[in-house]
Each structure stands twice: as C-alpha cells, then as structure tokens.
Student: 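Before we start, here is the structure in question, set down as structure tokens.
Order of listing sets the numbers, starting from 1, for every ligand and every atom in it.
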Amino acid sequence: MKKSLRKLETKCTRNGSFLSDILSLEINIENIKLRNPFILASGILDVTPSLFFRVASSGAGAIVTKTVTLEERKGFDNPVITDAPCGLINSMGLPNPGIKYFVNKYVKSIIDKIDIPIILSIGPSSVKDVYEMSNIVLDSGLKWIEINASCPHVKGHGLTVLGDESMLGEIIRVTKKKLSNFLIFVKISAHITNLAKIAETIFSSGADGIVAINTLRAIAIDIWSKKPILGGIFGGLSGPAIKPVALRCVYELYQYFPEKVIIGVGGISSWRDAIEFFLAGASAIQIGSVIAFKDLNIFKELNDGVIKYLNKEGYDSINEIIGLAHRF
Ligand code: SIN
C-alpha cells in the first residue's frame, strides 16, 4: 500500500517535468557494483584484451570471458557454427589456450585498466581440475568466477559435470574454499528435470548465484551430403528460439529461491526481452547471440530501453521490478 502511494506521488511530481526520472541502472551483485545489469555472455566473442575494452566502451555492465579449461583445447573442426530458424547452433568445442596462459597473458594485462568487472568462465571436468584452476586464479586480480556446468557438446565438461551432482557439489565447495573472497556463480542448462534439486545442491555447496541457461544441445544435417553439418556433430542452440525456455528456468528458480541471485541468459534480443527476465526474477542478464545480428550496440539499446520503461512505469530502480511476475 505504502509502495503504491509512493509510486503515485512520484508519477504526480513527474507530470510534465520528468525531474525525478532515473538515469542509471547501477546494481550490486553481492559486494560487486555493476553500472548496469547487462553482461556479455561467455562464448560469443573471442575475448582478447582489445575486445574487452570495446565491450566496456559499448556500455556493457560486465564481461564473462570465453570458457577456459585447465589445459589448452584446440576445439572442434570447422564448421563450428551454423544458423537455425531464430538462432544459431555452435559447436566450438571449448577452444582456449588453457587457464594459465589466458590469465597471465590476457586477464592480468587488463584487469586494473578496465572499469567493469571481468568474470572468468571456467570449465572444469573434475575436482582436481578446479583445485588447480583456483590456484592460478587466486592472485589474478579477478573477483568473480562462473563455473560452466552446461556446455552441451564437449564430453567430460559442462553437462557431464551437471549430471553428476556429487561432483558438482564438490567442485563448488573446493572453488569457494580456495577462492573465499570471490563470487562463485554456476551456469546451468535447461537439460534437467530436477531444477530445484540441482539448484539446492548448487546453493548449499556455497555458490553465490546461478546463471540460467546455456545453449540447448542440437544438431543440423545437410540434406545433400546427408551428414551432420557441424564438425563436432552436436552443438548448442542459442538465440530467440530458446528465450521462452530460459525465461521459464529463471521463473522457476526464483519461485524456489527468491532470495538468491539469478542471472538470466538465453535469446535476449531487445529491452522488452530484458524486462521479461527481470519480472521473472533475474537480477541481471547476459547477452550472447544477438551480438551477431546487432553488434555491440545492443548494450546501449538495452540501457536506453530499460531506463525509458522504468520511468514510464514509475519505478525508481531496476530492483523494484525483479520478480514482479510472481505476484498474483
Ligand atoms: C564453446 O566454447 O564450445 C561453447 C561454450 C559453451 O557451450 O558453454
């Protein structure tokens, strides 16, 4: 009641003047300040130091790196990407130079020079992996890790880890213990039927938040050669095709864990999509495939669109709309 009265007052004083309009979408994820809740998702860009700066100057609130593994990985043979109705299918195969090289060569050279948080995506395949990876990350200047427990096309990583709940729990416990001052998020997949149970394992093992969702395991077949198109055969479907699935996962996670931080990702292509994710319960969102179509301008479009929406609807901050779709 108090809240709706305050809103009415705000709307009245705004009448004609717009003096109290909000100008910023700044949020805090636990102890880390983000200038806005729009984060570059892992995997879409091969994030080299110059790209880190381009993404930051395009208006992103934070950057998730490509997933790195303990050892270097070559990735799958070409083609590694193909289009699909309303999206893309990628089968990169987690190509990366290995965590040591990536952190020493890329992260350390920019971490103090860039004005937005860098989130390191790691793709362990075992508890031992994550123990060694944590040692490398410890003094890197990083403060935020995203554990990739959802890549749908690389055996032994991603989905394999998510499918082994006791290993997943141990991976999170070891990471949190070794990197106790870091935020530890886990990126999950929609390829599970026991979302609440897995989320419970993730939070009770010490994770600070969940990122939902990764791409959906998919395939494309060339009718003339009569063979799968992608070098890795299977890939991950992203883009608008998966948005309703991602939104459903965020909505369900918020239903079960309304006090926890959920970051939404999957097919978000416009400020309207972004608002849907906030209403479903996301505290922030990640942006991926749309960059292939709209370039990095999407970050400015999201900022402008969401600010206009909040002002039009009479809200003072993005926090006021998180989870609102659950009130009925
Ligand atoms: C990749 O680099 O293979 C994609 C990462 C992912 O699907 O998690």
Side-chain angles (χ1 to χ4, degrees), residues 39-48 51 55 63-84 87-99 101-102 106 119-126 129-130 133 144-164 168 171 184-192 198 202 207 209-220 228-239 241-243 245-246 249 263-268 285-292:
I39 302 170
L40 176 72
S42 174
I44 190 76
L45 294 175
D46 190 14
V47 199
T48 54
L51 255 170
V55 173
I63 295 174
V64 190
T65 68
K66 260 193 93 57
T67 300
V68 290
T69 48
L70 183 59
E71 304 298 343
E72 173 185 7
R73 281 184 55 87
K74 194 174 140 295
F76 293 140
D77 289 338
N78 279 319
V80 291
I81 198 152
T82 187
D83 56 2
L88 298 169
I89 308 178
N90 91 77
S91 182
M92 309 294 285
L94 295 174
N96 75 92
I99 188 167
Y101 185 90
F102 189 83
Y106 293 166
I119 304 164
L120 182 72
S121 170
I122 60 169
S125 63
S126 66
D129 266 18
V130 90
M133 287 170 136
W144 193 337
I145 296 291
E146 181 178 289
I147 299 174
N148 181 342
S150 44
C151 173
H153 53 256
V154 178
K155 226 173 162 179
H157 294 261
L159 269 186
T160 315
V161 171
L162 194 66
D164 183 339
L168 175 66
I171 281 177
I184 307 296
F185 275 60
V186 180
K187 186 169 183 181
I188 63 163
S189 167
H191 287 292
I192 44 174
I198 291 195
I202 290 172
I210 289 183
V211 180
I213 58 174
N214 207 323
T215 56
L216 299 180
R217 188 167 163 86
I219 196 167
I229 291 175
L230 294 163
I233 301 181
F234 299 103
L237 176 65
S238 61
I242 71 165
K243 195 204 92 184
V245 180
C249 288
I263 296 183
V265 51
I268 298 165
I285 56 170
Q286 294 185 357
I287 302 305
S289 299
V290 64
I291 290 169

Student: Atom CE of M92 and atom CG of N78: how far apart are they, to the nearest 0.5 Å?
Tutor: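 Answer rounded to 0.5 Å: 9.0 Å.
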
Student: Identify all pairs of nitrogen or oxygen atoms, one from ligand 1 and one from the protein, separated by less than 3.5 Å, and list them with distances.
Tutor:
residue  : atom  : partner : partner atom : Å
ligand 1 : 2 (O) : K66     : NZ           : 3.4
ligand 1 : 3 (O) : G93     : N            : 3.1
ligand 1 : 3 (O) : L94     : N            : 2.8
ligand 1 : 3 (O) : H153    : NE2          : 2.9
ligand 1 : 8 (O) : N148    : ND2          : 2.8
ligand 1 : 8 (O) : N214    : ND2          : 3.0

Student: Does either side chain, that of N96 or that of T69, offer a donor lying less than 3.5 Å from an acceptor on the other one?
Tutor: yes

Student: Testing the 3.5 Å rule here: is there a donor-acceptor pair between the side chains of S189 and S150?
Tutor: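 Side-chain D/A pair, S189 to S150: absent.
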
Student: Would you mind reporting whether N148 and H157 have side-chain heavy atoms less than 4.5 Å apart?
Tutor: no

Student: Kindly indicate whether the side chain of I198, heavy atoms from C-beta on, has any atom under 4.5 Å from the side chain of I202.
Tutor: yes

Student: Measuring only between side-chain heavy atoms, which start at C-beta, is V211 closer than 4.5 Å to V64?
Tutor: no

